[in-house]
Amino acid sequence: MERLRQDDPSRIGPYVILARLDAESAERGVPERRFLARTADGRRTVLLCLPRVGADPSRWAIEAEGARRLDVPRLLPVAEVDGTAGFPWSTTPYTPVLPLPAALAAYGGPLPEDLVRHVGAGLAEGLADLHDRGFTHAGLSPAAVLLTAGGPLLACFGAVRAAAPDGTRRSGLPGLDPGCLALEQASGGRPTPLGDVFALGAVLAYASTGHTVPEQSELPPGMRRLIGSCLASTPADRPRSAREVLHELTGHAADASPGAPAPATAAAGPLALPGRVVAALAAQSAALLAAELPATTESTPPPPFPPAAQKVH
């Protein structure tokens, strides 16, 4: 939870903006602007997301609406997509969350291997369910992983597609972590499940070392083979599916067939988070509860936005 800056909006739709979710130092790799906000009557608190400045709002809104229509475990649930064609926004009911970079900062460095495996299993489980339904996430990165007491959530659905259409080179685009872009996606190829597997490997590498493109020697010995195979430049050399990665992380024989049940212990139950990460989640929740709405909230009109001639649906 970070202080607002002068160029941040003060109010969007019925919501008063209270704080930023992401630290300024991490924003380069975040594909959208994320705020903590509350209704003027104080009854609802949400995570509110906007497209990055300079991004195509229509492509962002399409992906946000796609996420809203999906009901997939581990995918951040989008409750509403609203605004205008030129200024769309989305919300998710608030629960204390830490983006993965903030969790590493709170912990003081890379996470323990057992926790990395548990987080990775939760992400792999979500990706496998998404792929079984015929979708790709196309946006997994450290910033897209939100840690909660109940496990990790996948945010930033469709960030790669929103950043640039297929056939357009994506490497170097703002908001996309280059270490999480498979070569075929960076060069403009259509996002695929094996591109998600590559990004999952990059996230596991980040959680284990603090960066998405580590040297092999930096990785925990027990994770080197799996992460290295996920990060293979050739898709055929990667694990066959996210479900295969899930079984590797949980120590079960791989069964990559669509719809194969995950092990009961794969990602079930709350995360055993380190005390410093738990403290950071608690501090965020306490600060948000203590945040006071501006006294002029109800009498101050929202800032001017583009004409609401075309609603986002």
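This structure is a prediction, so every number in the text was calculated from the model and none was measured.
- Heavy atoms only, all atoms of each residue included: Q284 and L21 are closest at NE2-CD1, 3.8 Å.
- Using a cutoff of 4.0 Å between basic side-chain nitrogens and carboxylate oxygens, R5 and E27 are scored as salt-bridged.
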Checking R38 against T45 for the side chain to side chain donor-acceptor pair (under 3.5 Å) test, could you report, in this order, the C-alpha distance in whole Å, the side-chain angles of both residues, the deciding distance, and whether it holds? CA-CA 4 Å; R38 184 173 292 146; T45 303; 3.0 Å; yes
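- Within the 4.5 Å cutoff, the side chain of W89 has no heavy atoms near those of the V81 side chain.
- With respect to R170 and D166, a salt bridge is recorded, a charged nitrogen being found less than 4.0 Å from a carboxylate O.
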E244 vs S229, side chain to side chain contact (heavy atoms under 4.5 Å, CB included): CA-CA, chis, key distance, verdict: CA-CA 12 Å; E244 183 173 308; S229 64; over 6 Å; no
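- Across all their heavy atoms, S208 and I227 have their closest contact at OG-CD1, 4.3 Å.
- One side chain, R161 or T136, offers a donor N or O that lies under 3.5 Å from an acceptor on the other.
- Electrostatic pairing of E80 and R68 does not count as a salt bridge here, judged by no charged N lying under 4.0 Å from a carboxylate O.
- By the criterion of side-chain heavy atoms lying less than 4.5 angstrom apart, applied directly or through intervening Ile, Leu, Val, Met, Phe, Trp or Tyr residues, L115 is grouped together with V203 in one hydrophobic cluster.
- When all heavy atoms of C180 and T212 are compared, the closest pair comes out as SG-CG2, 3.9 Å.
- Checking each of L4, L48, L50 against P9 for a side chain to side chain contact (heavy atoms under 4.5 Å, CB included) leaves exactly one that passes, namely L50.
- Residues S171 and R169 bring a donor and an acceptor atom of their side chains to less than 3.5 Å of each other.
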Could you walk me through whether V78 and F157 satisfy the side chain to side chain contact (heavy atoms under 4.5 Å, CB included) test, starting with their C-alpha distance in whole Å, then the side-chain angles of each, then the deciding distance to 0.1 Å, before giving a yes or no? CA-CA 10 Å; V78 176; F157 177 80; over 6 Å; no
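- A salt bridge is defined here as a Lys NZ or Arg NE, NH1 or NH2 lying under 4.0 Å from an Asp or Glu carboxylate O, and D8 with R20 meets this definition.
- A salt bridge does not link E63 to R69: none of the charged nitrogens lies less than 4.0 Å from a carboxylate oxygen.
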